[in-house]
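Working notes, beginning with the structure itself.
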Amino acid sequence: MSTASQPGTPTPGQLTFVAPRRAKPARHLADLTMAERRAAVAELGEKPFRADQLSRHYFERLTADPSLMTDLPAAARDRFAALFPTLLTPVRELTTDGGTTRKTLWRLFDGALVESVLMRYPDRATMCVSSQAGCGMNCPFCATGQAGLTRNMSTAEIVEQVVAGARTLAAGEVPGGPGRVSNVVFMGMGEPLANYRAVVGAVRRLVEPAPGGLGISARGVTVSTVGLVPAIGKLADEGLPVTLALSLHAPDDELRDTLVPINTRWKVGEVLDAAWDYAARTKRRVSIEYALIKDVNDQEWRADLLGKLVRNKLVHVNLIPLNPTPGSKWTASRPEDERAFVRRLQFHGVPVTVRDTRGREIDGACGQLAAAE
C-alpha cells in the first residue's frame with residue numbers, strides 16, 4: 001500500500017490518509033467553541049458576552065452579516081466581520097424531484113470545489129455534506145474517490161454547508177413552505193473519519209443547543225466511514241450518540257480488498273468488531289451501507305454471508321442501487337437480483353431497506369459527487 005503526497009488521480013488501491021498541505025481558510029465563528037468565541041471577541045476589544053449575541057445571529061437567525069446585527073454597537077459591527085469570512089461561494093445549483101432535491105457546487109477560498117445536497121422529504125429535511133475536497137480512500141466505483149484527495153475541510157466549512165441549507169429552507173425556497181434542517185449525513189465528498197478533528201468539531205456545532213450551535217438532535221446526525229478502525233473507537237469515546245454508517249459493500253475480504261481498498265489495512269472482521277463496539281457503547285444502531293453492483297457483489301451467497309455476519313446485532317442494512325458514474329464499468333444490480341438479496345437478508349432476520357436514489361439525475365446521489373465545473 002502506498003500513500004500519495006500530492007492530489008491527483010490515484011493509482012488503483014492507493015490510499016491517502018494525510019491530506020496535502022494547503023493554506024488554511026480564515027478562522028470563522030463556527031470553528032470555535034463558546035469559550036473560544038468569547039476569547040476571540042475579547043481580542044477584538046469587545047465584551048465577551050457579545051459572543052453569545054453573535055452566536056444567536058449565526059446559529060438561530062442564520063445571519064453572517066454583522067451590518068444586519070442591529071442589537072450590536074454600530075462601531076463594533078465592522079470589527080466582528082473578521083469572525084465571518086466568506087468560506088463557500090456558490091458556483092452552480094441543480095435541482096430535481098420537483099425542486100425538493102438541490103445539489104450545490106461550492107468553491108472554497110483556495111479554489112477547491114466541493115458539493116452538498118439538500119433533500120426534503122414529507123417528514124424531514126436532510127443535508128448531505130462534504131468533509132474533504134476529494135477523497136483519499138480510492139473506492140473504484142465512487143466518482144469522488146477516483147478524483148483523489150485535494151485537502152481536508154475546516155469545521156466551519158462543513159458547518160457552513162448546513163447553515164446554507166438551513167437558510168434555503170427558512171426562506172421557503174424549497175417546495176413545502178418554510179422549514180428547518182432535521183438531519184445531517186456526512187456522506188458527501190471525503191472520508192469523514194480521515195478528517196477527524198474537523199468533523200467532530202462540526203458535529204458538536206450541529207448538535208449543541210443555541211446559542212452554541214444549531215440544536216439538531218444527535219440522533220439526526222449520521223457519520224459515514226469506509227472503516228477506519230481506530231477512529232471508530234475514538235468516535236465512540238466522544239459522547240456523541242450519532243449514527244455510525246459503515247460502507248461495507250462486500251462481506252468477504254477477497255472482494256472488499258478490491259472494492260474498498262482500506263480493507264487491505266483493516267479486514268471485514270476487524271471493522272465489524274469496531275462497529276459492534278460502537279453500537280454497544282452508544283446504544284445507537286449501526287447502518288451497514290452496501291452498494292449493489294451487478295454481477296460483482298450481489299450474489300445470494302454473499303447476501304447469506306452478510307446475513308450471518310450481522311444477524312442478532314444492533315444493525316440495519318441499507319442497500320444502495322449503484323449509481324452510474326462517467327466511465328465506470330459497473331452498473332446497478334438487476335431488479336430480480338436486488339429482490340433476492342433482500343429476501344436472503346430477511347431470512348436471517350436482518351432489518352434491511354433499499355435506499356431511495358434521490359438526486360441521481362443531477363449526479364447528486366451516493367457515489368456521484370465529483371465537483372466538476
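Numbers here are sequence positions counted from 1. Quantities reported herein were computed from a predicted structural model and do not represent experimental measurements. Side chains are part of it too, since the values below use all heavy atoms of this structure and drop only hydrogens, waters and symmetry mates.
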Show the numbers, then the answer: is there a salt bridge (charged side-chain N to carboxylate O under 4.0 Å, His left out) between Arg205 and Asp31? CA-CA 8 Å; Arg205 303 302 172 270; Asp31 285 311; over 6 Å; no

Heavy-atom check, side chain of [X] versus side chain of [Y], under 4.5 Å:
X: Arg180; Y: Leu169; result: no
X: Val221; Y: Asn183; result: no
X: Val185; Y: Val129; result: no
X: Cys139; Y: Val226; result: yes
X: Met119; Y: Arg124; result: no
X: Val41; Y: Phe80; result: yes
X: Lys313; Y: Arg285; result: no
X: Val162; Y: Ile216; result: yes

Shared hydrophobic cluster for [X] and [Y] (ILVMFWY, side-chain gaps under 4.5 Å):
X: Phe17; Y: Val200; result: yes
X: Val181; Y: Leu240; result: yes
X: Leu314; Y: Val268; result: no
X: Leu306; Y: Trp301; result: yes

Short side-chain donor-acceptor distance under 3.5 Å, [Y] and [X]:
X: Arg284; Y: Thr243; value: yes
X: Arg302; Y: Gln299; value: yes
X: Arg37; Y: Ser55; value: yes
X: Thr63; Y: Asp65; value: no
X: Gln53; Y: Arg56; value: no
X: His57; Y: Asp71; value: yes
X: Thr225; Y: Glu191; value: yes
X: Glu289; Y: Ser247; value: no

Nearest 0.5 Å please: distance from the [atom1] atom of [X] over to the [atom2] atom of [Y].
X: Ile158; Y: Met127; atom1: CD1; atom2: CE; value: 12.0 Å
X: Lys234; Y: Leu228; atom1: NZ; atom2: CG; value: 10.5 Å
X: Asn263; Y: Lys267; atom1: CG; atom2: NZ; value: 5.0 Å
X: Thr89; Y: Trp106; atom1: OG1; atom2: CH2; value: 8.5 Å
X: Phe59; Y: Leu29; atom1: CZ; atom2: CG; value: 6.0 Å
X: Leu118; Y: Arg102; atom1: CG; atom2: CZ; value: 7.0 Å

Hey, does the side chain of [X] reach the backbone of [Y] with a donor-acceptor pair shorter than 3.5 angstrom?
X: Asn318; Y: Ile288; value: no
X: Asp298; Y: Glu338; value: no
X: Asn297; Y: Ala291; value: yes
X: Thr33; Y: Glu36; value: yes
X: Asn152; Y: Gln132; value: no
X: Ser116; Y: Cys128; value: no

What verdict does the side-chain contact (heavy atoms from CB on, under 4.5 Å) test give for Arg204 and Glu238, after you've listed the backbone C-alpha separation in whole Å, the side-chain angles of each residue and the deciding distance to 0.1 Å? CA-CA 10 Å; Arg204 293 194 182 282; Glu238 296 285 350; 2.7 Å; yes

Neighbour count >12 (heavy atoms, 6.0 Å) for atom CZ, Arg61: yes

Around atom CD of Glu254, are there more than 12 heavy atoms from other residues, nucleotides or ligands closer than 6.0 Å?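 No, not enclosed.
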
How far apart are the C-alpha atoms of Leu149 and Cys135, what are their side-chain angles, what is the distance that settles it, and do they pass the side-chain contact (heavy atoms from CB on, under 4.5 Å) test? CA-CA 4 Å; Leu149 177 62; Cys135 183; 5.6 Å; no

Is there a side-chain contact (heavy atoms from CB on, under 4.5 Å) between Leu319 and Thr353 once you walk through the steps? CA-CA 6 Å; Leu319 299 176; Thr353 52; over 6 Å; no

Report the C-alpha separation of Asp337 and Lys294 in whole Å, then their side-chain angles, then the decisive distance to 0.1 Å, and conclude whether the salt bridge (charged side-chain N to carboxylate O under 4.0 Å, His left out) test is met. CA-CA 8 Å; Asp337 292 338; Lys294 178 182 173 183; over 6 Å; no

Strictly below 4.0 Å, N to O, side chains only: are Asp52 and Arg38 in salt-bridge contact?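 Yes, Asp52 and Arg38 are salt-bridged.
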
Run the salt-bridge test on Asp295 and Arg334 with the 4.0 Å N-O cut-off and return the result as yes or no. yes

Name the orientation class of the two ring planes belonging to Phe141 and His249 (parallel below 30°, tilted from 30 to 60°, perpendicular beyond 60°).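 Perpendicular: the ring planes of Phe141 and His249 meet at over 60°.
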
With side-chain contact (heavy atoms from CB on, under 4.5 Å) as the criterion, how do Ile320 and Leu292 come out once you've worked through the C-alpha distance, each side chain's angles and the decisive distance to 0.1 Å? CA-CA 6 Å; Ile320 308 163; Leu292 285 171; over 6 Å; no

Which is it for Glu157 and Arg151 under the salt bridge (charged side-chain N to carboxylate O under 4.0 Å, His left out) test, yes or no, and what are the steps along the way? CA-CA 12 Å; Glu157 286 175 324; Arg151 71 167 172 88; 2.9 Å; yes

Checking side-chain contact (heavy atoms from CB on, under 4.5 Å) against Val296, which of Leu259, Thr258, Leu322 comes through? Leu259

Do Tyr58 and His28 have ring centres separated by under 6.0 Å?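 Ring-ring flag for Tyr58/His28: true, centres closer than 6.0 Å.
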
Over-ring placement of Arg344 relative to Phe347, 6.0 Å and 45° cut-offs: yes

Decide yes or no on salt bridge (charged side-chain N to carboxylate O under 4.0 Å, His left out) for Arg79 and Glu46, but give the supporting numbers first. CA-CA 9 Å; Arg79 288 197 288 277; Glu46 295 294 330; 2.3 Å; yes

